[in-house]
Amino acid sequence: MTPPRSDKRNGILVAGLGIVGVGNAGALVGLTDQWAAGVVIGGVALGFVGQGLRLLSVYRRRVEAAEPKPTDAHMDALLGDDIRDTADRALLALGITLDELALRSRDVDPLTKGGHRRLADQGRGPIPVFGPTPFTLGRIGHDGKWRFARYRIMVICPTGHNLGIYTCDLDSTTGHRLHERTDEYHYDDVVAVRTTTTTTPDIAIRVLDATAQNRVALGSPLHRQFQIIVSSGDRGSIIVGIEDEHESGQTVPLQESGIEAVIEAVRRILRVKKGGIAPSL
């Protein structure tokens with residue numbers, strides 16, 4: 001959605017105040033030789049300049065994403081870039097290098113049924129899966145697929161001894177990552193990798209049609225969730241499918257994440273690490 005012009009005015013105002021503050025700090029030092037006060041005021045003023053520029057950057061990105069309305073392909077490309085950045089961030093946050101990965105994205109399933117690479121494919125990098133966050137706003141593209149303003153991303157990083165999991169919420173209009181979390185589990189502690197379909201009444205995903213005007217609502221949406229469960233009871237969970245409870249088999253078309261292949265690949269590496277089978281990768 002197009003951001004209000006007040007967002008741009010606020011950014012200009014904050015940056016302008018910062019610039020004025022920097023000028024005053026310089027004048028204070030130059031005219032009165034009050035270095036300490038000038039440094040403090042200048043530091044605060046530079047903070048205002050930085051905040052104003054950040055607000056303007058966010059405003060420009062939101063405008064670019066909304067005006068003119070981006071094509072489905074452009075939105076997928078932006079999401080793909082953000083997922084790649086998130087995968088890199090996951091490795092950094094977990095302290096894992098590419099060489100330490102025992103299972104890579106390219107080992108999952110490099111091609112979809114249509115012969116295209118999965119949107120989340122990272123080649124020799126880790127394995128991301130993604131889905132809409134609760135209470136997000138979405139839009140139905142001209143290709144019929146639902147796309148969302150905020151996604152939850154789970155990056156799975158299997159190493160020789162541990163399973164690293166990084167999760168965050170991605171604001172697709174700004175590229176900002178929120179609610180970051182990292183977990184590392186011994187393979188023996190992972191008790192299940194599964195999908196489960198549940199009704200969650202307090203999760204409401206609002207969706208606009210292809211014209212970005214009319215809201216589409218599901219009466220009682222069923223959410224298919226991908227879960228990794230450990231012996232302590234902790235679980236990582238992400239929505240990977242939506243369907244209408246009142247329309248049997250009526251699933252919502254989402255962007256391809258290759259979830260079925262991911263589940264099978266993670267189960268395979270767990271069997272290997274738990275000593276059940278010899279590695280075949």
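Remember, it's a predicted structure, so these values are computed and weren't measured experimentally.
- Side chains of Val266 and Val190 form no contact here, defined as non-hydrogen atoms less than 4.5 Å apart.
- Without hydrogens or angle criteria, Glu184 side chain to Thr182 main chain gives no donor-acceptor distance under 3.5 Å.
- One distance of note links CG of Leu170 with CD1 of Ile83; it measures 7.5 Å at 0.5 Å rounding.
- For residues 151-162, the set of pairs meeting the salt bridge (Lys or Arg N to Asp or Glu O under 4.0 Å) definition, not counting sequence neighbours, comprises Arg152-Asp169.
- A salt bridge links Asp99 and Arg124; the closest N-O separation between the charged side-chain nitrogens and carboxylate oxygens is under 4.0 Å.
- Between Arg104 and Asp107, no side-chain nitrogen of the basic residue sits less than 4.0 Å from a carboxylate oxygen of the acidic one, so the salt-bridge criterion is not met.
- By the side chain to side chain donor-acceptor pair (under 3.5 Å) test, Asp189 pairs with no residue at all, sequence neighbours left out.
- Between Leu254 and Val240 the shortest heavy-atom distance is CD1-O, 3.8 Å.
- Distance check, rounded to the nearest 0.5 Å: CG of Leu92 to OH of Tyr166 gives 9.5 Å.
- For the residue pair Thr159/Glu100, the side-chain donor-acceptor check at 3.5 Å is not satisfied.
- Residue Ile229 belongs to a hydrophobic cluster whose other members are Val191, with links defined by side-chain heavy atoms closer than 4.5 Å.
- Between Thr195 and Phe226, the shortest heavy-atom contact is CG2-CA, 4.2 Å.
- Pairing each heavy atom of Ser105 with each of Pro126, the nearest pair is CB-O, 3.2 Å.
- The heavy-atom pair separating Gly141 from Asp72 by the smallest distance is CA-OD1, 3.3 Å.
- Side chain of Ser172 to backbone of Phe148: a donor-acceptor contact under 3.5 angstrom is found.
- The shortest side-chain heavy-atom distance between Pro132 and Ile242 falls under the 4.5 Å cut-off.
- The number of heavy-atom neighbours closer than 6.0 Å to NE2 of His176, taken from other residues, nucleotides and ligands shown, is above 12.
- Of all the heavy atoms in Gln122 and Ala87, the pair that sits closest is OE1-CB, 3.8 Å.
- Under the salt bridge (Lys or Arg N to Asp or Glu O under 4.0 Å) criterion, the residue pairs touching residues 221-237 are Arg224-Glu260, with sequence neighbours excluded.
- Salt bridge annotation for Asp82-Arg177: absent, with no cationic side-chain nitrogen under 4.0 angstrom from a carboxylate oxygen.
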Applying side-chain contact (heavy atoms from CB on, under 4.5 Å), run through Leu79 and Phe130 and close with a yes or a no. CA-CA 10 Å; Leu79 178 59; Phe130 64 94; 3.9 Å; yes
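- Counting heavy atoms from C-beta outward, Arg139 and Arg147 have side chains that stay 4.5 Å or more apart.
- Looking only at side-chain heavy atoms (C-beta outward), His186 and His161 stay at 4.5 Å or farther from each other.
- Looking only at side-chain heavy atoms (C-beta outward), Leu178 and Arg150 come within less than 4.5 Å of each other.
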Does the side-chain contact (heavy atoms from CB on, under 4.5 Å) test come out yes or no for Arg181 and Met154, once each step is laid out? CA-CA 10 Å; Arg181 171 173 172 168; Met154 176 189 293; over 6 Å; no
Where do Thr167 and Ile238 land on the side-chain contact (heavy atoms from CB on, under 4.5 Å) test, with the steps shown first? CA-CA 9 Å; Thr167 56; Ile238 186 169; over 6 Å; no
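- A distance of 12.5 Å separates CD1 of Ile239 from CD1 of Ile259, quoted to the nearest 0.5 Å.
- Here the side chains of Leu103 and Ile127 are in contact, with some heavy-atom distance below 4.5 Å.
- No donor-acceptor pair closer than 3.5 Å links the side chain of Asn162 to the backbone N or O of Gly164.
- Atom OG1 of residue Thr196 and atom CD of residue Gln227 lie 6.0 Å apart, to the nearest 0.5 angstrom.
- Heavy atoms only, all atoms of each residue included: Leu94 and Cys157 are closest at CD1-SG, 3.8 Å.
- At a threshold of 4.5 Å between non-hydrogen side-chain atoms, the residues Thr86 and Pro128 do not count as touching.
- Residue pairs satisfying the salt bridge (Lys or Arg N to Asp or Glu O under 4.0 Å) criterion with at least one member in residues 126-137, sequence neighbours excluded, are absent.
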Stepwise side-chain contact (heavy atoms from CB on, under 4.5 Å) check, Ile156 with Ile165: CA-CA 5 Å; Ile156 305 169; Ile165 304 291; 4.1 Å; yes
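- For the salt bridge (Lys or Arg N to Asp or Glu O under 4.0 Å) condition, the pairs that include at least one residue of residues 86-97, sequence neighbours left out, are Arg89-Glu180.
- Between the CD1 atom in Ile228 and the CG atom in Asp183 there is a gap of 10.0 Å [rounded to 0.5 Å].
- Put simply, CG on Asp188 and CG on Leu270 are 10.0 Å apart, with the number rounded to the nearest 0.5 Å.
- Between Tyr187 and Val272 there is no side-chain heavy-atom pair separated by less than 4.5 Å.
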